[in-house]
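Structure, as structure tokens:
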Amino acid sequence: MRAGTTVVAAFSVIALIGSGCGRPPHPEPPARAESSAPTHESRDIVATSVFGDSKVTAVLDLCAGRVRLAQGAATVNDSCFTGDTNVVLCTDATAANAVECAAANGKLALVGTGSDLINYARVR
């Protein structure tokens, strides 16, 4: 008797899982009337999680780029670098070599190897 119950339960689970197959696609949502509710465009960043809404901040004025080292050093002059408290990420795009990058007011000083190409981005 117990084996029969297990078989019925197994077929029930298979039927439940397979019940969504073969459905036609969902129809398009009806057009909304004009309202004062905010709309989201494709470039908007909207994030949610199982814990609720998430705060996402997008920085539009990117301070990032690439620079090629000359004899192992380079300086990027840009007003987006506002001081030594800036958080800057630097990576060597040419090889797995160490890169030193130090932000100052109006510039970013880079030290690395030879004429490697360095990617940099001011994060904060």
Side-chain angles (χ1 to χ4, degrees):
M1 180 76 172
R2 187 161 192 141
T5 306
T6 305
V7 171
V8 170
F11 282 121
S12 298
V13 170
I14 291 170
L16 182 63
I17 292 171
S19 65
C21 298
R23 284 188 336 181
H26 296 289
E28 291 294 319
R32 293 189 319 183
E34 291 295 320
S35 69
S36 61
T39 59
H40 297 290
E41 296 183 19
S42 64
R43 68 176 180 265
D44 292 345
I45 300 172
V46 181
T48 58
S49 72
V50 295
F51 302 109
D53 291 340
S54 301
K55 181 179 179 188
V56 177
T57 305
V59 180
L60 297 178
D61 55 337
L62 293 177
C63 183
R66 289 181 165 190
V67 64
R68 185 154 309 270
L69 299 177
Q71 296 178 351
T75 301
V76 176
N77 295 310
D78 196 328
S79 61
C80 69
F81 299 110
T82 57
D84 60 353
T85 59
N86 291 166
V87 176
V88 182
L89 300 176
C90 299
T91 59
D92 192 326
T94 306
N97 296 324
V99 178
E100 176 187 345
C101 56
N105 193 13
K107 68 178 182 177
L108 175 67
L110 299 149
V111 178
T113 304
S115 61
D116 287 358
L117 181 65
I118 308 299
N119 298 321
Y120 66 88
R122 178 181 178 260
V123 179
R124 182 169 172 233

What closest approach, in Å, do [X] and [Y] show between heavy atoms, and which atom pair accounts for it?
X	Y	result
Leu69	Gly114	CB-O, 3.4 Å
Leu117	Asp92	O-OD1, 3.5 Å
Arg68	Ala74	O-CB, 4.1 Å

Mind checking the [atom1]-[atom2] spacing from [X] to [Y]? Nearest 0.5 Å is all I need.
X	Y	atom1	atom2	result
Thr91	Asn97	OG1	CG	11.5 Å
Arg124	Leu89	CZ	CG	13.0 Å
Asp78	Lys107	CG	NZ	13.5 Å
Cys80	Leu108	SG	CG	8.5 Å
Tyr120	Leu110	OH	CG	8.0 Å
Asn86	Cys63	CG	SG	7.5 Å

Inset, instruction - Answer yes if Val111 and Phe81 sit in the same cluster of Ile, Leu, Val, Met, Phe, Trp and Tyr residues linked by side chain heavy atoms under 4.5 Å apart, and no otherwise. - result: no

